[in-house]
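Okay, structure first, notes after.
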Amino acid sequence: ATQALPQIIQSRAASRRLRVWSAGCSTGEEPYSLAMVMRETLERHSNWDVRVLATDIDSKVLEAAAAGLYTADRFTGMDPARTARWFKGSGATGGQLAASEDLKSLITFRQLNLLDAWPMKGPFDVVFCRNVVIYFDKETQRRLFDRLADIQEPGGWLFIGHSENLFNVTHRYKLVGRTVYRRVA
(Lines give C-alpha, C1' and ligand atoms only; values in the text may rest on other atoms or scores of the structure.)
Protein backbone atom coordinates (compact mmCIF):
# COMPACT_ATOMS: atom_id res chain seq x y z
CA ALA A 1 0.00 0.00 0.00
CA THR A 2 2.83 2.42 0.74
CA GLN A 3 5.48 1.37 -1.76
CA ALA A 4 4.38 -1.03 -4.50
CA LEU A 5 0.89 0.31 -5.25
CA PRO A 6 1.86 4.00 -5.51
CA GLN A 7 4.62 3.08 -7.96
CA ILE A 8 2.29 0.85 -9.96
CA ILE A 9 -0.40 3.54 -10.00
CA GLN A 10 2.12 5.98 -11.43
CA SER A 11 3.54 3.58 -14.04
CA ARG A 12 0.12 2.23 -15.09
CA ALA A 13 -1.71 5.57 -15.12
CA ALA A 14 -2.37 5.37 -18.87
CA SER A 15 -3.76 1.82 -18.91
CA ARG A 16 -5.33 1.88 -15.42
CA ARG A 17 -4.78 -1.87 -15.26
CA LEU A 18 -3.52 -3.76 -12.21
CA ARG A 19 -2.95 -7.51 -12.08
CA VAL A 20 -1.94 -9.43 -8.96
CA TRP A 21 -1.38 -13.17 -8.58
CA SER A 22 -1.60 -14.99 -5.26
CA ALA A 23 0.11 -18.30 -6.06
CA GLY A 24 -0.57 -20.92 -3.40
CA CYS A 25 -3.48 -18.95 -1.94
CA SER A 26 -4.72 -21.74 0.35
CA THR A 27 -8.03 -20.77 2.03
CA GLY A 28 -7.99 -17.23 0.64
CA GLU A 29 -6.87 -14.92 3.42
CA GLU A 30 -4.08 -13.52 1.25
CA PRO A 31 -6.16 -12.67 -1.84
CA TYR A 32 -8.92 -11.10 0.29
CA SER A 33 -6.30 -9.03 2.12
CA LEU A 34 -4.83 -7.95 -1.22
CA ALA A 35 -8.27 -7.01 -2.52
CA MET A 36 -8.92 -4.89 0.59
CA VAL A 37 -5.62 -3.05 0.24
CA MET A 38 -6.17 -2.43 -3.46
CA ARG A 39 -9.73 -1.16 -2.97
CA GLU A 40 -8.63 1.15 -0.16
CA THR A 41 -5.56 2.43 -2.02
CA LEU A 42 -7.37 2.95 -5.33
CA GLU A 43 -10.47 4.65 -3.85
CA ARG A 44 -9.35 8.01 -5.21
CA HIS A 45 -8.30 6.51 -8.56
CA SER A 46 -11.51 5.66 -10.40
CA ASN A 47 -12.00 3.38 -13.36
CA TRP A 48 -9.10 1.06 -12.71
CA ASP A 49 -9.31 -2.52 -14.01
CA VAL A 50 -8.13 -4.44 -10.94
CA ARG A 51 -7.97 -8.24 -10.77
CA VAL A 52 -6.49 -10.78 -8.37
CA LEU A 53 -5.80 -14.29 -9.59
CA ALA A 54 -5.74 -16.72 -6.65
CA THR A 55 -4.48 -20.22 -7.35
CA ASP A 56 -3.76 -23.37 -5.40
CA ILE A 57 -3.26 -27.03 -6.22
CA ASP A 58 -5.81 -28.15 -3.58
CA SER A 59 -9.42 -27.97 -4.77
CA LYS A 60 -10.80 -28.25 -1.20
CA VAL A 61 -8.98 -25.14 0.05
CA LEU A 62 -10.00 -23.29 -3.11
CA GLU A 63 -13.64 -24.12 -2.44
CA ALA A 64 -13.31 -22.65 1.06
CA ALA A 65 -11.47 -19.60 -0.33
CA ALA A 66 -14.13 -18.90 -2.94
CA ALA A 67 -16.85 -19.09 -0.27
CA GLY A 68 -15.09 -16.30 1.63
CA LEU A 69 -16.42 -17.36 5.04
CA TYR A 70 -14.17 -17.00 8.08
CA THR A 71 -14.56 -17.43 11.82
CA ALA A 72 -14.15 -14.31 13.96
CA ASP A 73 -10.80 -15.50 15.34
CA ARG A 74 -9.29 -15.07 11.84
CA PHE A 75 -9.72 -11.30 12.26
CA THR A 76 -7.74 -10.97 15.49
CA GLY A 77 -5.47 -7.96 15.22
CA MET A 78 -7.45 -6.40 12.36
CA ASP A 79 -9.05 -3.01 12.90
CA PRO A 80 -12.73 -3.70 13.74
CA ALA A 81 -13.86 -0.87 11.44
CA ARG A 82 -11.95 -2.43 8.55
CA THR A 83 -13.42 -5.84 9.32
CA ALA A 84 -16.95 -4.37 9.40
CA ARG A 85 -16.37 -2.59 6.09
CA TRP A 86 -15.30 -5.67 4.14
CA PHE A 87 -16.91 -8.61 5.99
CA LYS A 88 -20.47 -9.14 7.19
CA GLY A 89 -21.89 -11.63 9.66
CA SER A 90 -25.39 -13.02 9.94
CA GLY A 91 -27.32 -16.10 10.95
CA ALA A 92 -27.08 -17.22 7.32
CA THR A 93 -23.30 -17.50 7.61
CA GLY A 94 -23.41 -19.77 10.66
CA GLY A 95 -21.65 -17.24 12.87
CA GLN A 96 -18.91 -16.66 10.33
CA LEU A 97 -18.02 -13.41 8.62
CA ALA A 98 -18.57 -13.33 4.87
CA ALA A 99 -16.38 -11.40 2.43
CA SER A 100 -18.24 -8.59 0.69
CA GLU A 101 -19.29 -8.98 -2.92
CA ASP A 102 -17.04 -6.00 -3.70
CA LEU A 103 -13.99 -7.99 -2.58
CA LYS A 104 -15.16 -11.19 -4.23
CA SER A 105 -15.65 -9.38 -7.54
CA LEU A 106 -11.91 -8.66 -7.73
CA ILE A 107 -10.75 -12.24 -7.19
CA THR A 108 -10.75 -15.24 -9.50
CA PHE A 109 -10.00 -18.56 -7.79
CA ARG A 110 -8.51 -21.31 -9.95
CA GLN A 111 -6.89 -24.67 -9.38
CA LEU A 112 -3.31 -24.71 -10.63
CA ASN A 113 -0.24 -26.85 -10.13
CA LEU A 114 2.69 -24.43 -10.38
CA LEU A 115 4.77 -27.15 -12.02
CA ASP A 116 2.30 -27.65 -14.89
CA ALA A 117 1.58 -25.41 -17.88
CA TRP A 118 0.02 -22.06 -16.99
CA PRO A 119 -3.01 -20.83 -18.93
CA MET A 120 -2.35 -17.17 -18.07
CA LYS A 121 0.14 -15.03 -19.94
CA GLY A 122 0.41 -11.92 -17.76
CA PRO A 123 1.84 -9.48 -17.32
CA PHE A 124 1.37 -9.46 -13.57
CA ASP A 125 2.33 -6.31 -11.69
CA VAL A 126 2.65 -8.18 -8.41
CA VAL A 127 3.11 -11.87 -7.61
CA PHE A 128 2.77 -13.30 -4.11
CA CYS A 129 4.39 -16.73 -3.94
CA ARG A 130 4.78 -17.07 -0.21
CA ASN A 131 5.64 -20.28 1.63
CA VAL A 132 5.35 -22.36 -1.52
CA VAL A 133 8.86 -22.95 -2.88
CA ILE A 134 10.17 -24.32 0.41
CA TYR A 135 8.72 -27.63 -0.77
CA PHE A 136 10.73 -27.62 -4.04
CA ASP A 137 14.36 -28.50 -4.71
CA LYS A 138 16.69 -25.74 -6.01
CA GLU A 139 16.36 -26.74 -9.67
CA THR A 140 12.56 -26.68 -9.49
CA GLN A 141 12.76 -23.30 -7.72
CA ARG A 142 14.98 -21.98 -10.55
CA ARG A 143 12.49 -23.07 -13.18
CA LEU A 144 9.55 -21.64 -11.23
CA PHE A 145 11.14 -18.23 -10.67
CA ASP A 146 12.21 -18.04 -14.31
CA ARG A 147 8.61 -18.71 -15.32
CA LEU A 148 7.36 -16.07 -12.89
CA ALA A 149 9.83 -13.54 -14.31
CA ASP A 150 8.59 -14.38 -17.82
CA ILE A 151 5.06 -13.23 -16.93
CA GLN A 152 6.22 -10.02 -15.30
CA GLU A 153 7.64 -6.91 -16.88
CA PRO A 154 10.85 -5.34 -15.55
CA GLY A 155 10.02 -3.63 -12.27
CA GLY A 156 7.31 -6.16 -11.38
CA TRP A 157 7.05 -6.99 -7.69
CA LEU A 158 7.57 -10.46 -6.15
CA PHE A 159 6.76 -11.27 -2.52
CA ILE A 160 8.01 -14.54 -1.04
CA GLY A 161 7.83 -16.13 2.42
CA HIS A 162 10.11 -15.30 5.34
CA SER A 163 11.76 -18.72 5.22
CA GLU A 164 12.50 -18.39 1.49
CA ASN A 165 15.08 -16.48 -0.54
CA LEU A 166 16.31 -16.25 -4.12
CA PHE A 167 20.04 -16.50 -3.31
CA ASN A 168 21.67 -18.81 -5.89
CA VAL A 169 18.23 -19.45 -7.40
CA THR A 170 17.74 -16.62 -9.92
CA HIS A 171 19.33 -13.37 -10.99
CA ARG A 172 16.14 -12.09 -12.63
CA TYR A 173 14.97 -10.43 -9.43
CA LYS A 174 16.64 -7.85 -7.19
CA LEU A 175 16.11 -7.84 -3.43
CA VAL A 176 14.44 -4.58 -2.28
CA GLY A 177 13.18 -5.68 1.16
CA ARG A 178 13.49 -8.68 3.45
CA THR A 179 11.17 -10.85 1.32
CA VAL A 180 10.41 -8.37 -1.46
CA TYR A 181 11.96 -8.46 -4.92
CA ARG A 182 11.66 -6.52 -8.17
CA ARG A 183 12.10 -8.08 -11.57
CA VAL A 184 15.15 -6.78 -13.39
CA ALA A 185 15.50 -6.49 -17.16
Side-chain angles (χ1 to χ4, degrees), residues 1 4-5 8 12 16-43 45-136 144 147-148 150-152 156-162 164 179:
L5 284 178
I8 293 167
R12 296 274 190 218
R16 295 178 181 235
R17 178 187 182 277
L18 174 59
R19 294 293 184 268
V20 178
W21 180 13
S22 173
C25 71
S26 189
T27 54
E29 289 87 340
E30 182 175 87
Y32 286 113
S33 296
L34 293 169
M36 283 188 295
V37 168
M38 288 186 295
R39 276 290 192 236
E40 292 165 358
T41 303
L42 291 167
E43 278 179 327
H45 301 279
S46 62
N47 301 321
W48 274 70
D49 179 16
V50 179
R51 299 281 181 261
V52 177
L53 174 63
T55 63
D56 202 282
I57 193 171
D58 187 330
S59 60
K60 293 259 188 241
V61 298
L62 281 172
E63 187 177 310
L69 294 171
Y70 299 96
T71 57
D73 65 317
R74 302 302 288 176
F75 297 90
T76 302
M78 190 167 153
D79 178 353
R82 192 178 205 193
T83 302
R85 177 178 181 187
W86 299 113
F87 291 84
K88 304 296 180 214
S90 71
T93 61
Q96 296 178 314
L97 298 175
S100 71
E101 289 305 315
D102 189 26
L103 290 183
K104 285 183 167 187
S105 71
L106 296 182
I107 306 168
T108 301
F109 291 99
R110 293 286 183 261
Q111 187 173 19
L112 180 73
N113 182 337
L114 291 174
L115 303 181
D116 290 345
W118 298 347
M120 65 283 200
K121 303 293 182 226
F124 286 94
D125 301 292
V126 182
V127 174
F128 281 78
C129 189
R130 302 179 67 243
N131 306 315
V132 174
V133 300
I134 54 174
Y135 302 106
F136 301 147
L144 176 62
R147 292 175 72 196
L148 289 174
D150 288 343
I151 62 168
Q152 288 191 288
W157 295 79
L158 173 66
F159 292 80
I160 63 174
H162 290 288
E164 302 165 327
T179 59

Practice task
Tell me, please, which residues at least two apart from Glu164 pass side chain to side chain donor-acceptor pair (under 3.5 Å).
Solution key: none
Practice task
Return the set of residues passing side chain to side chain contact (heavy atoms under 4.5 Å, CB included) with Asn113 (not counting sequence neighbours), or none when no residue passes.
Solution key: Ile57, Leu115, Asp116
Practice task
Write down the atom of Ala23, the atom of Val132, and the distance for their closest heavy-atom approach.
Solution key: O-CG2, 3.7 Å
Completion exercise
Distance col, row Leu144:CG vs Phe136:CZ, nearest 0.5 angstrom, shows 6.0 Å
Problem - Distance in Å, Tyr135 OH paired with Leu114 CG, rounded so as to fall on 0.5 Å steps - result: 13.0 Å
Exercise for the section: Cation-pi check, Arg147 to Trp118: give yes when NZ or CZ is under 6.0 Å from the six-membered ring centre and within 45° of the ring axis, no otherwise. Expected result: yes
Completion exercise
d(Ser22 OG, Phe159 CZ) to nearest 0.5 Å is 12.0 Å
Practice task
Determine whether Lys104 and Tyr32 make a side-chain contact, defined as any pair of heavy atoms from C-beta on separated by less than 4.5 Å.
Solution key: yes
Exercise for the section: Could you tell me which residues satisfy side chain to side chain contact (heavy atoms under 4.5 Å, CB included) with Ala1, sequence neighbours excluded, listed by chain and number? Expected result: Val37, Thr41
Exercise for the section: Could you pull out the closest heavy-atom pair between Pro119 and Leu112, with the gap in Å? Expected result: CD-CD1, 3.9 Å
For residues 63-71, please give each side-chain donor-acceptor pair under 3.5 Å, one per line with the distance, not counting sequence neighbours.
unit_1	atom_1	unit_2	atom_2	d
Tyr70	OH	Thr27	O	2.6
Thr71	OG1	Asp73	OD1	2.2

Exercise for the section: Please check if atom CZ in Arg74 has more than 12 non-hydrogen atoms from other residues, nucleotides or ligands closer than 6.0 Å. Expected result: no
Exercise for the section: Please round to the nearest 0.5 Å and tell me the distance separating atom CG of Asn47 and atom CZ of Arg16. Expected result: 6.0 Å
Exercise for the section: Please confirm whether the backbone N or O of Ser26 pairs with a side-chain atom of Asp56, one donor and one acceptor, at under 3.5 Å? Expected result: yes
Pair up each side-chain donor or acceptor in residues 121-130 with any protein partner under 3.5 Å, not counting sequence neighbours, and list the distances.
unit_1	atom_1	unit_2	atom_2	d
Asp125	OD1	Arg12	NE	2.6
Asp125	OD1	Arg12	NH2	2.8
Asp125	OD2	Arg19	N	2.8

Problem - side chain to side chain contact (heavy atoms under 4.5 Å, CB included) involving Ala35 - partner list, sequence neighbours excluded - result: Leu103, Leu106, Ile107
Problem - Reported CE-to-CZ distance for the pair Met38 and Arg51, which is rounded to 0.5 angstrom - result: 10.0 Å
Fill in the blank from the handout: So CZ of Arg17 and CG of Asp49: to nearest 0.5 Å the spacing works out to 7.0 Å
Practice task
Kindly indicate whether the side chain of Cys25, heavy atoms from C-beta on, has any atom under 4.5 Å from the side chain of Leu62.
Solution key: yes
Problem - Side chains of Trp86 and Glu40 in contact at under 4.5 Å (non-hydrogen atoms) - result: yes
Practice task
May I ask you to test the Arg85-Arg39 pair for a side-chain heavy-atom distance under 4.5 Å?
Solution key: no
Exercise for the section: Apply the test side chain to side chain contact (heavy atoms under 4.5 Å, CB included) to residues Thr83 and Leu97: give CA-CA distance (whole Å), side-chain angles for both, the deciding distance (0.1 Å), then the verdict. Expected result: CA-CA 9 Å; Thr83 302; Leu97 298 175; 3.8 Å; yes
Handout entry: Side-chain heavy atoms of Leu18 within contact of Leu42, under 4.5 Å
Key = yes
